[in-house]
Protein chains: 2
Amino acid sequence: MSTADRDEATASLEHQIAMLLRRVRRGTAERAALVHPDLHPTSYSLLFTLVDFGPRRARELAEMFALDKGAVSRVVHQLVELGFVERTPDPDDGRAQILAATPAALTRFEEARAGRRKHLDQRLSDWGTDEIAELAAGLARFNDVSPE
Amino acid sequence: MSTADRDEATASLEHQIAMLLRRVRRGTAERAALVHPDLHPTSYSLLFTLVDFGPRRARELAEMFALDKGAVSRVVHQLVELGFVERTPDPDDGRAQILAATPAALTRFEEARAGRRKHLDQRLSDWGTDEIAELAAGLARFNDVSPE
DNA sequence: CTAAATAGTTGCAGAATACAACTATGACTT
DNA sequence: AAGTCATAGTTGTATTCTGCAACTATTTAG
């Protein structure tokens, strides 16, 4: 296995990730609107994180998305007003608050997820279950790097 | 292989894609600045597309990124001013123009790509070349769906 | 030859983000 | 225990991005 092979493999991976990014980004706005018409792509992403990865502080969200904490603050404010996020004071730190997706948000996301899933199922129709699992595992391994 | 298995595999894939998206998005602004300090994330993405996928019309870029043609027009204008994009009239259509990355853009991207690649290499340091190729192939298959 | 459609530009308004100043709380030092 | 510094979050301000709409120029269809 030569160095050239490895370079080619890496280049290909980079290329494919860029491609995926473009495709996914393209649909984010639509998916956001599916959950709620007033939901911006950014709000959607933040809410998605709370739904999928569990409650956390605003600061963490800001770090995860490399977003200004002020911007996060306003987005969260909107999400709270829409009834999608609930704040509770952090018992460990009087300055902080824990943000959590509300049951309403979970419900909406589950409904929207059904639509997404249907789309995804179509796209994966000629894949074997093991092939899907394999790709997911590969991505998981790629994602699961100690945070820089 | 049960239906539950397949659902789980699909859910895992969806989850991992979301994770990847967040990680990649997080670094886009930095990478854009690496190419040129005045380059916005969107400009970077559009330019990246021209570099990686070849010349095309503004309208195509707008469609690829689901972006307003007005916004694309302005971004392109900026890219031209920075010397990263060159316009040539479309021989087949007097209204249109073909946008292409300039040699300067290619050079800058190549330099920036070296930085990215280094980061990627580190991240893949304990991967086998065949494993990298496999993940890239999986993503390629996933990406390569007839456009909706 | 006229009418409808398309590529792109530009004016305008609204929204999102970054930056900075500020409050409140916690951690650390002495 | 007091003082200093760091941190969580909010809010004001300015800038920038984006979408929408109106407009020009060119092509395509009837």
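Chain letters run A, B, ... following the sequence lines, proteins first and then strands; every chain starts at 1.
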Can you check the Glu60(A) CD to dA8(D) C1' distance for me, whole Å? 12 Å

Winner on side-chain proximity to His40(A), out of dA15(C), dA8(D), dA7(C), is dA15(C)

Distance, rounded to the nearest Å, where Leu99(A) contributes CG and dG9(D) contributes P: 7 Å

Measure from CG on Asp90(B) to P on dT6(C) and round the result to the nearest Å. 16 Å

Can you tell me how far the CG atom of Leu139(B) sits from the CD atom of Glu14(A), to the nearest 0.5 Å? 12.5 Å

OP1 or OP2 of dT10(D) less than 4.0 angstrom from a side-chain nitrogen or oxygen of Arg87(A), does that happen here? yes

Selected nucleotide, minimal atom distance to Arg59(A) side chain, candidates dA18(C), dA8(D), dA7(C): dA8(D)

If I take atom CZ in residue Phe65(B) and atom C1' in nucleotide dC17(D), what distance separates them, rounded to the nearest angstrom? 15 Å

Nearest-nucleotide check on DNA chain D, Arg74(A) vs Arg95(A); residue mapping nearer the 5' end is Arg95(A)

With the side chain of Lys69(B) defined as its heavy atoms from C-beta on, choose the nearest nucleotide among dA7(C), dA8(D), dT16(D). dA7(C)

Could you tell me whether Gly94(A) contacts a base, only the sugar-phosphate backbone, or nothing, with contacts defined as non-hydrogen atoms closer than 4.0 Å? sugar-phosphate

Six-ring centre of Phe48(A), Arg31(A) cation under 6.0 angstrom, axis tolerance 45°: no

In this structure, how many angstroms lie between the C1' atom of dG8(C) and the CD atom of Glu63(B), rounded? 14 Å

Sugar-phosphate, base or nothing in reach of Asp68(A), heavy atoms under 4.0 Å: base

Establish, with yes or no, whether the OP1 or OP2 oxygen of dT18(D) is under 4.0 angstrom from a side-chain nitrogen or oxygen of Thr42(B). yes

Tell me if the centroids of the rings in Tyr44(B) and Phe84(B) come within less than 6.0 Å of each other. no

Below 4.0 angstrom, N of the basic side chain to O of the carboxylate: do Asp90(A) and Arg56(A) qualify? no

Which is more 5' along DNA chain C, the nucleotide nearest Asp92(A) or the one nearest Ala71(A)? Just name the residue. Ala71(A)

Can Gln97(A) and Arg57(A) be said to form a side-chain contact (heavy atoms from CB on, under 4.5 Å), step by step? CA-CA 6 Å; Gln97(A) 42 191 278; Arg57(A) 299 183 183 180; over 6 Å; no

Please give, in whole Å, the distance from dA15(C) C1' to His77(A) NE2? 15 Å

In whole angstroms, the gap separating P of dT18(D) from CG of Leu61(B) amounts to 13 Å

Between atom CG in Leu67(B) and atom P in dC17(D), what is the gap in whole Å? 11 Å

